[in-house]
Amino acid sequence: MFETTTIVTASYFDSVVLMRVASQLKKRDGITEVAMFMGTEGNHELLDQVGLATAESKHAGPQDLIIIVRADTQALAEQTSTEAAAMLSAKRETDQSELSYRPRMLDRALGFLPDASLAAISIPGAYAARETQNCLAHDLNVFLFSDNVALDDEARLKKIALDKGLLLMGPDCGTAYLNGVGLGFTNVVRRGRIGCVAAAGTGLQAVVCRADHRGEGISHGIGVGGRDLSGEVGGLMTSYALSLLDQDPATEVIILISKPPHPEVARSLEQTCRQLATPVITCFQGTTLDSDAFIQSATLDEAADRAVCLLGNTPFVPRNFTDIARIKQLLDHQQSTAAGRRIIGLFTGGTLAKEAYLLLRPLLGTVSADLDQAGSHCLVDLGDDRYTVGKPHPMIAPENRTEVLLELATAGRLDDCGALLFDLVLGHGSHADPASELAAGLAELRSRHGLTIPAIVSLIGTEGDPQSLVEQQRVLNEAGATVFLINSEAARYAALLVVPDCRQALMEVRP
Amino acid sequence: MTDKQSPLTREVRVINIGLERFADDLRSLGVQVVQMDWRPPAGGDKKLIEILDRLKDRS
């Protein structure tokens, strides 16, 4: 194995661009590793941790680009490194020619767009708080996609935003809808009467898609970040978002999706909700609060369905499956083919993984969220920081999930697997054709490893999405996967396959 | 809280700081966007950033 390290001085590129180029080059024959990072303090630590740091890389500063290539020959390593630098340089030239002027300073940017209403910030977390504060000072609402923002910064910035009557959506906010405009990773959904408040990521996407399938639409979807209901932040942005939606004439019902709130924050949230004229439906993943201030739902689809029923003035009927006849038919066909008794779930959406975990744990007993734990059922969020070190998020680069799947097969870890559970999230921001990538992975599982494990897919999307829901569903069906448009149903179906004993409990209409 | 237009009623016009694909998606929806050429301030030198911020606060 041969290795080269190249430092390109004073050459800033964002991490997504770097990871995209690196993963493209890594696919080539003879290349073992391509790592491309800016020389920030955090990235130096990262390179050390993953054993990629070299004597040369340590000299790179925060504005310098590090390119490390490992290959079968020295010539190939050097050639790939040169090519990586050339690809980035070409990208910069294209960017500069496409748009003649890109301001470096916010004041200048506002000169071009004086009535700008919002800043979308997706820069490294170490700098995000500073830029956010600057944008709030300029009366801009903020969609803060960046993560790794300190908790005390988050609380401080949210207080500033609130004082100015501005929204600070995030940090780590992946999805939002304001005034009919989707920000970040969004599905194409109709506008309507449901206002949403969420962390927000795939949970919000699942809810808006379900509402869309039921013929309802979204007024606004406000992201508040996953820590807003913590004791430290105190639900500042959630309360503000709820009051804004309550005053919004288009919003007739509100859905609030969140991790379980801090007990004190839950109490103040309860008081806030009691003062609202608009009904609030909640989905506090993993907990039910002893309160009648809101209508509580166990799952994302239940929250959406309850909202639709409320709007249509029809009773909500709890159910585990929308089409029980289809489930019976599928089971007749598939149960006999499931040899193993373990469920392995490889998710790209954190909230979807969590929902599957919460549903399956009572049915299956031990369920691990850790890929390294052998023997038990395993539901993993591959979008978690621990699996995305130096790699793009699997919603952008689903080939990373395929890689994990095939590694598990090679290690013999799928031999006792009775059901593979996947999510597949469509929409703007996501990969252009994730179904084909997953289909290719399943085909390789069969051809190279002789494994025909039932594959169950929770497909989150709409027909209006750039990838087309129907087309993605067709590709998955042809690949032999069983597709559900509701995440909870996909998880329950996986349980039915591997634990026949739970059939009675899951297939009866819930009381 | 100052008396100004609700964030939900302002027409969405965006300053995009970071990932360009977000700006591209917004443009495809007909939203006005200005893409900034963001780079770490002061060459990413944390101490220098702190000094700059202190100077800005005093000005």
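Just so it is clear, the values below take in all heavy atoms, side chains as well, and ignore hydrogens, waters and symmetry mates. All chains are named by letter (A, B, ...) in the order of the sequence lines, taking the proteins before the strands, and each is independently numbered beginning at 1.
In this structure the side chain of E11(B) never reaches within 4.5 angstrom of the side chain of S117(A), judged on heavy atoms. Put simply, the side chain of L244(A) reaches to within 4.5 Å of the side chain of P7(B), judged on heavy atoms. P41(B) is listed as a side-chain neighbour of R130(A), based on a closest heavy-atom distance under 4.5 Å. Inter-residue side-chain proximity for L183(A) and L26(B) is flagged as met; some heavy-atom pair is nearer than 4.5 Å. Taking the side chain as every heavy atom from C-beta outward, I15(B) and H138(A) never approach each other to under 4.5 Å.
In this structure, R21(B) contributes its side chain and G429(A) its backbone to a donor-acceptor pair below 3.5 Å. At least one donor-acceptor pair closer than 3.5 Å links the side chain of R10(B) to the backbone N or O of A116(A). A donor-acceptor pair under 3.5 Å is formed between the side chain of N179(A) and the backbone N or O of L8(B).
Listed by chain and number, the residues in a side chain to side chain contact (heavy atoms under 4.5 Å, CB included) with M19(A) are S15(A), P392(A) (sequence neighbours excluded). By the side chain to side chain contact (heavy atoms under 4.5 Å, CB included) test, S23(A) pairs with E399(A), sequence neighbours left out.
Within the 4.5 angstrom heavy-atom criterion, atoms from both the backbone and the side chain of V12(B) approach chain A. Interface remark: L19(B) contributes backbone and side-chain atoms alike to the contact with chain A (heavy atom separation under 4.5 Å). Residue E41(A) touches chain B through its side chain alone, counting heavy-atom pairs closer than 4.5 Å. Only the side chain of H220(A) comes within contact range of chain B, judged by heavy atoms closer than 4.5 Å. Neither the backbone nor the side chain of M38(A) comes within contact range of chain B; no heavy atom of the residue lies under 4.5 Å from a heavy atom of that chain. Both the backbone and the side chain of D115(A) come within less than 4.5 Å of a heavy atom of chain B. Heavy-atom distances place no part of F13(A) under 4.5 Å from chain B, backbone and side chain included. Contact of I396(A) with chain B is made through the side chain alone, with heavy-atom distances under 4.5 Å.
The shortest non-hydrogen separation linking G184(A) to F22(B) is CA-CE2, 3.6 Å. The minimum heavy-atom distance between M36(B) and R102(A), with the atom names listed, is C-CB, 4.4 Å. I123(A) approaches I17(B) most closely through the heavy-atom pair CG2-O, 3.6 Å. In plain terms, the two heavy atoms of R104(A) and D37(B) that are nearest each other are CD-O, 3.0 Å.
The neighbour count for R190(A) CZ, taken as heavy atoms of other residues, nucleotides or ligands under 6.0 Å away, is above 12.
When the candidates S122(A), P124(A), P62(A) are compared by the number of heavy-atom contacts under 4.5 Å with chain B, S122(A) comes out ahead. Chain B forms more heavy-atom pairs under 4.5 Å with one residue of V17(A), L106(A), T40(A), T186(A) than with any other, namely L106(A). Most heavy-atom pairs under 4.5 Å with chain B: of the set F143(A), F112(A), F145(A), this distinction falls to F145(A).
The OG atom of S6(B) sits 9.0 Å away from the CG atom of L245(A) when rounded to the nearest 0.5 Å.
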